[in-house]
Amino acid sequence: MNERSSRSHSVFTLRIAGENAAIGETCEGTLNLVDLAGSERLEKSGAGNDKDRLKETQSINKSLSALGDVVAALGEKGEGKGDKHIPYRNSKLTYLLQNSLSGNSKTLMVLNLSPLASHHNESLCSLRFATKVSLSCLHLCSSWF
């Protein structure tokens with residue numbers, strides 16, 4: 001585990017609005033930059049002996065799981081599997097990112113992996129999640145092709 005890690009998710013939101021006074025047209029945009037804390041195994045994090053750290057680790061893992069559930073539900077909806085409920089309200093993170101994950105938006109995921117052999121399992125887990133995201137159709141797929 002990284003001792004200098006903030007052990008939390010970080011979200012930076014930039015909202016921009018513009019207006020063309022000549023024609024009276026306005027436009028708005030939002031940019032969300034999100035740094036997700038990595039999931040952690042309880043035995044490797046050393047959280048078992050510290051109640052606060054245990055709760056923190058469980059919260060991080062729960063929000064990452066909720067994000068995975070949202071991505072999976074959006075993927076099923078994009079495949080035309082009916083009127084699928086998207087569980088945005090299952091975590092603060094997914095609720096906050098709801099507009100960025102659906103509708104008229106673009107989403108890009110960048111993955112940072114450790115080259116250390118001791119982090120092999122965590123790297124594989126991250127790669128599986130990224131693959132799940134890349135294979136999911138988060139928006140109106142037919143307009144992409």
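This chain uses plain numbering: 1 for the first residue, then up along the sequence.
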Nearest heavy-atom pair of Ser114 and Ser123: which atoms, and what distance? O-OG, 3.4 Å
Closest non-hydrogen contact found for Leu96 with Val11 is CD2-CG1, 3.6 Å
Return the CD1 to CG distance between Ile23 and Asn20, rounded to the nearest 0.5 Å. 4.0 Å
Is the backbone N or O of Ile60 less than 3.5 Å from a side-chain atom of Ser63, with the two atoms forming a donor-acceptor pair by type? yes
Which atom names give the shortest non-hydrogen contact between Asn90 and Thr94, and what distance separates them? N-OG1, 4.2 Å
Qualifying residue, where the test is side chain to side chain contact (heavy atoms under 4.5 Å, CB included) with Tyr88 and the options are Leu74, Asn99, Leu97, Asp69: Leu74
Nearest-0.5 Å distance that lies between atom CG in Leu33 and atom OG1 in Thr13: 8.0 Å
Taking all non-hydrogen atoms of both residues, which atom of Ala37 and which atom of His9 are closest, and how far apart? N-ND1, 2.9 Å
How close do Leu111 and Ala130 get, counting heavy atoms only, and between which atoms? CD2-CB, 3.7 Å
Residue Asn112 excluded, over 12 heavy atoms near CG under 6.0 Å: no
For Lys106, is there any backbone N or O sitting under 3.5 Å from a side-chain donor or acceptor partner on Ser100? no
How long is the gap from CD on Glu122 to CG on Leu116, to the nearest 0.5 Å? 10.5 Å
Do any N or O atoms from the side chain of Ser65 and from the backbone of Asn61 form a donor-acceptor pair under 3.5 angstrom? no
